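Beneath this line is the structure, given in structure tokens, with notes to follow.
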Amino acid sequence: MGFLKENFKEKVLAVVKKIPRGKVLSYKEVAKLAGKPKAFRAAGNILNKNFDVSVPCHRVIRSDGEMGGYNRGVEKKLRLLKKEKAI
DNA sequence: CGTATGACGTGCA
DNA sequence: GTGCACGCCATAC
């Protein structure tokens, strides 16, 4: 059981999984909750490679309020946020 | 093991 | 308000 090596990746995914519908968090917030407030860049990188549909990574946006990006298309991200009334 | 990458953030012109 | 450059950290190759 390696849960101590990739803790950050798993933690980030876990945090994103915990994001309630209709709410959005910034990469900085996610990284902070993951235990590394300065790893917001790595957090985004992990989400980028994460293809797990169980992870509502579309609920993670920039601190500036921008959409940022989405592995499935920014349009899809914007659409999901609008459907969830998160925006 | 070292290099390159990236869905970021902040500061400055 | 806009654009550019630097920094910063984990992951992938």
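Chain identifiers are assigned alphabetically (A, B, ...) following the order of the sequence lines, protein sequences preceding nucleic acid strands; residue numbering begins at 1 within each chain. Note that this is a predicted model, so its numbers are computed, not measured.
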Checklist line | 4.5 Å side-chain heavy-atom contact, A/His58 and A/Val24 | finding: no

Let me have the donor-acceptor pairs involving side chains of residues 38-52 of chain A, under 3.5 Å, with sequence neighbours excluded, atom names and distances please.
from    : atom 1 : to      : atom 2 : distance (Å)
A/Asn50 : OD1    : A/Asp52 : N      : 3.3
A/Asp52 : OD1    : A/Ser54 : N      : 2.7
A/Asp52 : OD1    : A/Ser54 : OG     : 3.1

Note to self: With heavy-atom distances below 4.5 Å as the criterion, would you say the side chains of A/Leu25 and A/Val16 are in contact?
What the structure shows: no

Notebook entry, point to check: Do any pairs count as a salt bridge (Lys or Arg N to Asp or Glu O under 4.0 Å) and have a residue in residues 56-73 of chain A, sequence neighbours left out, and if so which ones?
Noted result: A/Arg59-A/Glu84

Item checked: Shared hydrophobic cluster for A/Val15 and A/Val55 (ILVMFWY, side-chain gaps under 4.5 Å) -> yes

Next item on the list: Under 4.0 Å from any atom of DNA chain C, heavy atoms only: list the residues of residues 52-61 of chain A that qualify, in numerical order.
Entry: none

Check: For the atom pair CG (A/Asn71) and NZ (A/Lys76), what is the distance rounded to the nearest 0.5 Å?
Finding: 11.5 Å

Strictly under 3.5 Å: I want the nitrogen or oxygen pairs between protein and nucleotides 9-13 of chain C, one per line.
from   : atom 1 : to      : atom 2 : distance (Å)
C/dA12 : O4'    : A/Lys49 : NZ     : 2.6

Margin query: Can you give me the first and the last nucleotide of DNA chain B (5' to 3') that has an atom within less than 4.0 angstrom of a non-hydrogen atom in chain A?
Written below: B/dT5 to B/dT10

Without placing hydrogens or testing angles, list every side-chain donor-acceptor pair under 3.5 Å for residues 26-35 of chain A, not counting sequence neighbours.
from    : atom 1 : to      : atom 2 : distance (Å)
A/Ser26 : OG     : A/Glu29 : N      : 3.3
A/Tyr27 : OH     : A/Val60 : O      : 3.4

Next item on the list: Run through the side-chain heavy atoms of Ile, Leu, Val, Met, Phe, Trp and Tyr, join any pair under 4.5 Å, and report what else lands in A/Val53's cluster.
Entry: none

Next item on the list: Indicate if A/Leu80 and A/Ile19 have the same hydrophobic cluster label, given that clusters are the connected sets of ILVMFWY residues with side-chain heavy-atom separations under 4.5 angstrom.
Entry: no

Next item on the list: Hey, could you give me each pair passing salt bridge (Lys or Arg N to Asp or Glu O under 4.0 Å) that has a residue in residues 10-22 of chain A? Not counting sequence neighbours.
Entry: none

